[in-house]
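Below: one structure, written as structure tokens.
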Amino acid sequence: MDGKLVLVDGHSILNRAFFGIPDLTNSEGLHTNAVYGFLNILFKILDEEQPDYLTVAFDVHAPTFRHKMYDAYKGTRKPMADELRQQVPLMKEMLTAMGVTIVEKEGYEADDLLGTIAKQSEEQGLEVSIVSGDRDLLQLASDHIKIRIPKTKRTGTEIEDYLAKDVVEKYQVTPLQFIDVKALMGDSADNIPGVPGIGEKTATALITAYGSIENAHDHLEEIKPNRAKQNLSEHYDMAQMSKELATIEIHAPIEYSLEDAKLGNLFTEEAYLMCKRLEFKNMLSRFDIDAPKNLAEEHFTFVTDKKQISDIFKKAKKAGHIGCCLLPGEGIITEQLSLFEQPKEQQVIEGMSIAFSEEDIYYLSAGTEVSAEELLEEIRELSGGQTKVSVMDLKETLKTLPLPGNDRYFDASVAAYLLNPLKNDYPYEDLAKDYAGLMIPSRTDLLGKESPVKAKQAKPEAFLKYICYMAYIPWKTRDRLLEELNNTGMQTLYDTIELPLVYTLSDMEKEGVHVDAEELKRYGEELAAQIAVLEKEIYEGAGETFNINSPKQLGHILFEKLEMPYGKKTKTGYSTAADVLEKLAVEYPLVSKILEYRQLAKLKSTYADGLANFIEEDGRIHTNFQQTVTATGRLSSTDPNLQNIPIRMELGRMIRKVFLPKDGYVFVDADYSQIELRILAHMSGDEMLIQAYREAQDIHRMTASQVFHTPFEEVTDLQRRNAKAVNFGIVYGISSFGLSQDLSISKKEAQEYIERYFESYPKIKEFLDGCVEKAKKDGYSVTMFGRRRPLPEISSSNFMQRSFGERIAMNAPIQGTAADIIKIAMNRVHRRLIDEGLKSRLLLQVHDELLIEAAPDEVDEVKKILDEEMKGAADLSVELEIDTHTGKNWYEAK
DNA sequence: GAGATCACG
DNA sequence: ACGTACGTGATCTCT
């Protein structure tokens, strides 16, 4: 038999790559540098050698025979860096995806497997190359076995090659004698003790002269340097043991089939997906499958013809289910039909894509033969009937095309979010991959950074693909997504909470909230004046000007120039965080000024100036409520974030005075009282806590009374404050360290608080332990309404990650249930405002709070609705309570 | 683009 | 022994 075999020492090359390449991480947080480097080396070798066969060998984690001998001799091995260890399974997964044969065997190191396979294959007449970073393998070199050692240099990867003759040339000994040299000199990295006092030079000299350790020992008397003679004599047993350690096994009992190792196409779809997942962008070019063989793509059609468009809609109506995507034009048309009517704002559309079978996928262009309005009318008519409509982003669709809320619409992103809330986004290509097994180009692949409307002119083919996929994928994946929701018990959550919420949020976003731009400007100017004064004083105190906003420069001034005692350090230098500075502020007035400066600077940049940029022409701010972001089921608010408007400090709180209801209206604001603790009482079934809530007791005071063994009436303010922190801690997934940090007490004290808490509320301990246990078993946690949060961390071997997972397992059901409940309340409040024909509108949600802009004559009804719907959103063993306020601005209403 | 900081629940 | 509270988003600096 002839041919060429490449063998790779898996761990060794992975290790080389890990240390040779700076840390890389993908957006999931996986470390990927070693895998990346490994692949680069592998591809280089394969390009050069064009082998017929390829095999990668790995060590098995269990201690091997050779290690055991060493362990007995001297301690244990250095553990592998965690970032590297994580990449071993990834690497194996990648190789498997590429169809590469992997060999590993319990009790044997990769060396032994490589040696055995290499020698066997050589006998069969193959040319063998062994790729390793480890010079130990040089002992395997022969005329037909080449050892290849890659070196990662700045100029790229260079490879040193050794056939038997090259070993002799470089080391003056044959490959087999290389073992003896190594055994004499020892190698701490490889755990070979060697003979004390014998280094590389002496070892090589001895073996060149005598050929082997044994023969050298037989000729002890002739050995020249006296020291060497003595050392070898005294440590001969050590030398023999070292030799055994250094010798690679070439008769390991493994089953190896050359046929299986035949090198096929590495660039498979699976490997492509993995490279995408690991974000090896420049490696994707090696794949020949950029043009996917997706049959549907051939039916993507650009349509302008009026008759054709009308026929497509007729056909779509019969299909019963369509996917679609509207392409909003840039800008809004304000059309005034007559002098007596209010001008109507209409978002223009350029066109829309529609998909309703594997063959019927079209982009319908508006503007030439068919007007935007006609097109919208068609789709409105279609979706007003019995046709089911699936889209990638329903909230976005509703902005262009208001549609009545009902269950015939399907939001693919929201469904995908429920199935895995940990991802950053839910682009169509991910849904295609996960729920239809399709590999398709992403928006960026097709359009780059260009907007769809611009791309339509610049690269029409790419645009057509993009817009058609945006309709085809939700159509294609709907059934699978619904099936998965059903399988995971989340169908009801989707149908009754999340989908209706899309409409609620859409209306809230469209409504926006009025902000007094001039008042905001004045507020900003006031801040600016105060900032200028502080800035001057700080420069005087520091004796120089510097950038106060730069933690680096600030740290230098405080802790080096002024030699203040530093509390904490961050990765990059001294910490100048508020809690550190607060301790210094007692002694140094300069630090107080810096804290004050920070506060003002934050208010000005993020709130005064920041919010001003978002006031639109209607005088209102339209935040974006994101429904597919948080891991727990909460909403998030962006551009701008209206869920973190200051309230805790008076100066910041003032900014709420610029949030106003529209003329003649008032704000009604309602927030749940301690919703998370009430949920905890319910879910744990703790009688004490339930009873306390039923009697409307002061919970923190009661906790203080329990934890500090103090009669209820005698609880001090401090005790109550501390108990409140304990209650918070319980909800967060308590840890003594976290609590001690928060209360500035010792870890031991914090631990005692926690223990006494759990003694008082045993059911709560039981419940939290149960949460962790169940999450460990299932791999996810669940809320009262069935929302899941996957917890990959909880089974981590890393203590810190595992502990993190455990805290999440305790917190996620509570925080998530609270999120479920307020979402239910929002839908109900929103619905009632509309159904009762009220003018009042829901504007904002801040996790446990709803803000309504109410017509003055509706205030009582609005309060009644809030009361009924918020309290009635869930049926718990304790009542849900709310606090409601009204006011002429947000400051007053809170 | 990451890290530090700080605003909220 | 390990190093921390749970969940977010915006701004600024600096590489």
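In what follows, chains are A, B, ... by sequence order, proteins preceding strands, each numbered from 1. Here the structure is a predicted model, which means the values were calculated and not measured.
The same atom, P, is picked in dG3(C) and in dA7(B); the two are 29 Å apart, to the nearest Å. Here the separation of dC6(B) from dC2(C), taken at their C1' atoms, is 28 Å to the nearest Å.
When heavy atoms are screened at a 4.0 angstrom cut-off, Asp848(A) is found touching the sugar-phosphate backbone but no base atom. Among the protein residues, Val846(A) comes within range of the sugar-phosphate backbone only, with heavy atoms under 4.0 Å from sugar or phosphate atoms but none that close to a base. In this structure, Leu603(A) reaches neither bases nor backbone, as no heavy-atom distance under 4.0 Å exists between it and the strands shown. Within the 4.0 angstrom heavy-atom criterion, base atoms lie near Ser735(A). Within 4.0 Å of Leu635(A), counting heavy atoms only, lies no atom of the nucleic acid at all. Counting any heavy atom pair closer than 4.0 Å across all strands shown, Ala809(A) reaches no nucleic acid atom. Contacts of Ser575(A) with the nucleic acid, taken as non-hydrogen atoms under 4.0 Å apart, involve only primed sugar atoms and P, OP1 or OP2. Within the nucleic acid shown, Ala631(A) comes within 4.0 Å of sugar-phosphate atoms alone, with no base atom in reach, counting heavy atoms only. As judged by a 4.0 angstrom heavy-atom cut-off over every strand, Ala601(A) is placed among residues making no nucleic acid contact. Within the nucleic acid shown, Gly733(A) has no heavy atom closer than 4.0 Å to any nucleic acid atom. Within the 4.0 angstrom heavy-atom criterion, base atoms lie near Gln815(A). Note on Arg648(A): a base of the nucleic acid sits closer than 4.0 angstrom, heavy atoms only. Within 4.0 Å (heavy atoms only), Arg789(A) reaches sugar-phosphate atoms of the nucleic acid but no base atom.
As the counterpart of dC2(C), no nucleotide is assigned, since no Watson-Crick or G-U wobble pattern has both distances under 3.5 Å. dG1(B) is paired with dC14(C) under the criterion used here, namely a Watson-Crick or G-U wobble arrangement in which both key atom distances are under 3.5 Å.
With dT4(C), dC8(B), dT5(B) as the candidates, the nucleotide lying closest to the side chain of Phe737(A) is dT4(C). In this structure, the nucleotide among dT5(B), dT4(C), dC6(C) sitting nearest to the side chain of Lys747(A) is dT4(C). Picking from dC6(C), dT5(B), dT8(C) the nucleotide with the shortest atom distance to the side chain of Val629(A) gives dT8(C). Which of dT8(C), dA7(B), dG9(B) sits closest to the side chain of Arg634(A) comes down to dG9(B). Counting only heavy atoms from C-beta on, Phe799(A) has its side chain closest to dG3(C) among dG3(C), dT5(B), dG7(C).
Put simply, the side chain of Leu743(A) does not reach to within 4.5 Å of the side chain of Glu749(A), judged on heavy atoms. Leu418(A) has its side chain within reach of Arg787(A): a pair of non-hydrogen atoms, C-beta onward, lies under 4.5 Å apart. Residues Phe659(A) and Leu851(A) fail the side-chain proximity criterion, which asks for heavy atoms closer than 4.5 Å.
Between Thr576(A) and dT5(B), a side-chain N or O to OP1/OP2 separation shorter than 4.0 Å is present. Between Thr572(A) and dG3(B), a side-chain N or O to OP1/OP2 separation shorter than 4.0 Å is absent.
When rounded to the nearest whole Å, the span between CZ of Phe625(A) and P of dG7(C) equals 21 Å. Spacing between atom CE of Met649(A) and atom P of dG9(B) amounts to 13 Å, rounded to whole angstrom units. Atom CD1 of Ile645(A) and atom C1' of dT8(C) are 13 Å apart (whole Å). We find that OH of Tyr574(A) is positioned 17 Å from C1' of dA4(B), with the value rounded to whole Å. One atom, CG of Asn811(A), and another, P of dT8(C), lie 10 Å apart when rounded to the nearest Å. When the P atom of dA7(B) is taken as reference, atom CZ of Arg656(A) falls 13 Å away, rounded to whole Å. Rounded to an integer number of Å, the gap from CD1 of Ile548(A) to P of dT5(B) is 15 Å. Rounded to whole Å, the distance from CD1 on Ile822(A) to C1' on dC8(B) is 14 Å.
Judged by distance alone, with hydrogens and angles left aside, Ser636(A) brings no side-chain donor or acceptor close enough to the base of dT8(C) to form a pair under 3.5 Å. The base of dT4(C) lies close enough to the side chain of Arg807(A) for a donor and an acceptor atom to sit less than 3.5 Å apart.
Aromatic pair Tyr757(A)/Tyr761(A): ring centres closer than 6.0 Å. Separation of the Phe708(A) and Tyr753(A) ring centroids falls under the 6.0 Å cut-off.
Position along DNA chain C of the nearest nucleotide to His847(A) versus Met800(A) favours Met800(A) as the more 5'-ward residue.
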Seminar exercise, completed: 5' to 3', nucleotides 10-15 of chain C under a 4.0 Å protein heavy-atom cut-off (B base, S sugar-phosphate only, - none) gives BSSSSS
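Checked for salt-bridge contact, Asp671(A) and Lys894(A) meet the test: a charged N lies under 4.0 Å from a carboxylate O. Note on Glu806(A) versus Lys776(A): salt bridge recorded, some NZ/NE/NH1/NH2 to OD/OE distance being below 4.0 Å.
In this structure, the salt bridge (Lys or Arg N to Asp or Glu O under 4.0 Å) partners of Arg522(A), at least two apart in sequence or on a different chain, are Glu519(A). Taking the ring pair (Phe, Tyr, Trp, His ring centres under 6.0 Å) definition, one finds that Tyr693(A) meets it with nothing, sequence neighbours left out.
For the pair Lys569(A) and Tyr566(A), the cation sits on the ring face: its NZ or CZ lies under 6.0 Å from the ring centre, inside 45° of the axis.
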